[in-house]
Every structure is written in structure tokens, then in C-alpha cells.
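Report on the structure given below.
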Amino acid sequence: MSNTRITIRPPADFDLARDVCSYGYFLLAPNHWDPDTRSLFRVLTLDAEPGTPAPASCRVTQNGSGLSARFDRSLTRAEQSQAREQIRRMLSLDTTEAEARDFHKVDQRWKKSGRARLFRSPTLFEDIVKTVTSCNVAWPSTITMNARLCEVLGGRSPSGGHAFPTPAKLARTRPASLRARCRVGYRDQRLVELAKLFRSGHIDEAWLSDPGTSDDDAFKFLLTLPGIGPYAAGNIMQLLGRFSRLALDTESVRHGKAVLGYTGTDRQILKHLEAHYEPFGDHKFRSYWFELWDFYEQKKGPAHTWDRETTGKTFTAALLKD
DNA sequence: GGTAGACCTGGACGC
DNA sequence: GCGTCCAGGTCTACC
């Protein structure tokens with residue numbers, strides 16, 4: 001049987017290079033962006049039969065107005081549907097042209113570049129684990145943790161690529177083993193507990209994404225999860241497509257000082273930042289993030305030229321100071 | 001409600 | 001090359 005290729009029609013304003021290289025997770029395993037061919041490679045975990053994860057490597061490219069995803073094996077019809085859904089989530093294809101226009105009406109700075117979509121993971125589980133691995137740690141360690149999680153616990157596709165671990169696999173892993181083999185440190189127990197909460201259905205993406213669920217309720221729920229504090233919850237909110245809150249950390253403080261010219265204590269700077277982004281209302285995270293991203297691109301060149309192994313490892317507050 | 005200190009890793013720094 | 005210090009967000013204990 002021949003390898004599967006599927007095509008996806010994105011919104012007319014979609015730009016693969018711009019919209020993949022829009023958030024740091026595109027630099028984390030198992031994602032791999034190739035700047036030369038402008039292609040996104042990664043292994044997706046599909047479910048040929050319920051409870052039987054079946055990894056498949058894919059390469060996503062854009063040809064004119066269409067997206068193409070080529071796999072390293074033949075996919076069943078059900079798997080094709082799952083792959084399509086996961087790719088749509090990663091590329092935020094549900095952000096329509098009209099929604100992008102609404103954002104650009106509120107913040108015209110990004111109208112010219114067209115930035116409105118933020119890259120994310122094929123599953124909420126991966127997004128939450130990636131968020132926990134980005135807390136209280138320098139970026140190079142986040143890169144290591146995600147690479148190790150995939151190498152140690154991720155299934156393998158026919159061509160040998162590693163997938164991101166499934167909730168079931170992570171839930172079965174002993175915390176001590178996770179710490180020793182994946183270098184996640186004290187996050188070990190919290191990650192295993194999160195995986196168990198996904199398995200049990202306690203973390204319900206449908207409820208968290210439902211427009212009928214208020215931002216306040218979603219945020220409050222996220223704060224109850226192990227390893228999730230105000231920063232992580234704010235970040236997961238944006239990964240759910242809820243942009244009405246900020247996710248402020250030390251990098252935000254650096255941005256406030258270096259780019260916006262704020263002075264005072266960290267607490268005062270955080271207050272200035274909240275006030276600065278307030279006019280952007282339901283879009284404030286996007287306004288904040290693209291401002292930050294713009295600064296990175298001024299320092300390091302267009303994000304679609306960044307390589308995971310070189311430029312991608314240099315994002316630490318210390319290195320960005322000058 | 002606010003705050004201090006512990007948690008773990010890896011990079012920076014001094015010797 | 002080795003030891004020490006520090007950054008980073010969350011959690012717990014305490015006031």
C-alpha cells in the first residue's frame with residue numbers, strides 16, 4: 001500500500017512559514033521546522049484502533065493556497081480524519097480570516113504582516129506538558145526535556161521518528177524514572193498526575209474550548225491542576241484560543257524594561273504591562289506576544305529562518321539582554 | 001492576602 | 001576541571 005498524502009484547504013490568508021514560526025513550541029520536539037524547504041516535520045500519534053497508538057511521520061508543506069501532508073505509511077480513513085484534525089489544531093486553521101481582521105482592527109500593527117495565528121500542539125495534552133516544562137527553567141532545558149520525553153517515552157513511526165508521549169504512557173511512568181531519564185526535575189510527579197487527569201477525563205478539552213465556558217471558569221479550573229500557576233494557566237488559555245489574558249513571567253518584565261521603557265520594581269512593571277495591554281481587550285495576549293516576537297525577530301532575523309539546534313537554543317533572558 | 005523558602009537543572013562565573 | 005551561584009514559576013508553610 002502506498003504512503004498517504006492528504007490535502008487541506010486553509011483560510012486564504014494562511015501562511016505556513018509565518019503561522020508555524022509564531023510561537024516557541026515550533027522549536028520543541030517532536031516538531032521540526034526546516035527553514036530551507038519551509039516544511040514542518042513531526043510524528044503524529046494516530047489511533048488506528050481505540051487504545052492502540054500508531055505513530056506516523058508527516059511533512060507539511062504549502063503549495064499556493066493549499067496545504068499538503070505526506071506520511072511515511074498508509075493511513076486508514078479514520079486515521080486521515082484524526083491527522084487532519086491534529087494538523088488543523090497545530091496550525092490554528094480554525095482562526096478564520098474574519099477573526100484575523102477583527103484582531104487587526106483592534107491592533108493595526110500586525111495588519112501588514114498578517115500575524116494573527118499562534119502555533120500550538122496537535123493535542124491539548126502536549127500543550128499542557130510543554131507549558132509545564134517551560135516553567136521555572138531556562139529555554140535550553142525546555143528543549144532538552146521535550147527531546148528526552150519523545151526519545152524515552154514516545155512511540156516510533158515507520159521511518160524511525162519519535163512521537164510525543166501519550167497520556168497513557170506518561171501516566172504509567174514512575175516519577176523517579178521520568179526525573180532520571182527525561183531530566184524534568186521536581187516536575188516529575190506533577191507531569192504524571194496531569195497525565196492521569198487526562199486519562200480519567202478530569203481535564204476535558206471540549207469543556208475548556210466551549211464558547212459557553214467563560215474565560216474566568218476555564219482559568220480557575222486550570223489553576224487547580226498540578227504544576228499550573230498563574231503564568232502557566234494564562235499560557236494554556238491562549239493555547240485554547242482564549243486571548244483575553246496575559247501570561248506574564250520574567251521575560252515579560254525584561255520586555256517591559258527593555259522595549260517599553262518601564263522602570264521600578266518588578267511588581268510595578270507587571271502593573272504597567274497589564275495596563276499597557278488592557279486596550280486590546282479579548283486580543284491582549286496576541287498583542288503582547290507579537291510585540292515580544294517582533295523583538296526576537298529584530299534580534300535573530302525572521303523566525304522562519306531559525307534552526308532548532310542553533311538560533312532556537314539562544315532564547316534566554318540573559319542572552320536577550322543586550 | 002502576602003511572603004519566604006524549597007524545589008531541580010544547567011549555564012555562567014571564579015578559581 | 002571543579003565548585004559555587006543564580007535564574008526560572010509553583011507550591012507550601014507561615015504570618
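Protein chains get the first letters and strands the later ones, always in sequence-line order, with residue 1 at the start of each. These numbers come from the heavy atoms of this one structure, side chains and all, not from hydrogens, waters or symmetry mates.
Across the protein-nucleic acid pair, A:Glu193 atom CD and C:dT10 atom P stand 16 Å apart, rounded to whole Å. Distance CZ (A:Arg254) to P (C:dG8): 10 Å, rounded to an integer number of Å. In this structure, the CD atom of A:Gln189 is 13 Å from the C1' atom of B:dC7, given to the nearest Å. Atoms CD1 (A:Ile228) and P (C:dT12) sit 13 Å apart, rounded to a whole Å. We find that OH of A:Tyr186 is positioned 9 Å from P of C:dC11, with the value rounded to whole Å. Between A:Met145 atom CE and B:dC7 atom C1' there is a gap of 12 Å when expressed in whole angstrom units. The CG-P distance, from A:Leu223 to C:dG9, rounds to 15 Å in whole Å. If you take CD1 of A:Ile236 and C1' of C:dT10, they are 12 Å apart, rounded to a whole angstrom.
Proximity of A:Thr250 to the phosphate of C:dG9: a side-chain N or O atom is located under 4.0 Å from OP1 or OP2. The phosphate of C:dT10 has neither OP1 nor OP2 within less than 4.0 Å of any side-chain N or O from A:Arg190. A close approach under 4.0 Å does not occur between any side-chain nitrogen or oxygen of A:Arg187 and OP1 or OP2 of C:dT10.
Taking only distance into account, the side chain of A:Tyr231 never meets the base of C:dG8 through a donor-acceptor pair shorter than 3.5 Å.
Taking the six-membered ring where the residue is Trp, A:Phe164 and A:Phe125 present perpendicular rings, their angle passing 60° and hence far from 30°. Ring geometry for A:Tyr262 against A:His276 counts as perpendicular: the plane angle is over 60°, on a 0 to 90° scale with 30° as the lower cut.
By the 6.0 Å contact criterion, CZ on A:Arg109 is enclosed, its count of non-hydrogen atoms from other residues, nucleotides or ligands being greater than 12. Within a 6.0 Å sphere centred on CZ of A:Arg181, other residues, nucleotides and ligands contribute 12 heavy atoms or fewer.
Side-chain atoms of A:Ser22 come within 3.5 Å of backbone N or O of A:Phe119 as a donor-acceptor pair.
The residue A:Arg267 sits close only to the backbone: its heavy atoms come under 4.0 Å of sugar-phosphate atoms, none of a base. Looking at heavy-atom distances under 4.0 Å, A:Leu225 makes contact with sugar-phosphate atoms alone, never a base.
Of the candidates C:dG9, B:dG10, C:dT10, C:dG9 carries the atom nearest the A:Asn136 side chain, counting heavy atoms from C-beta on.
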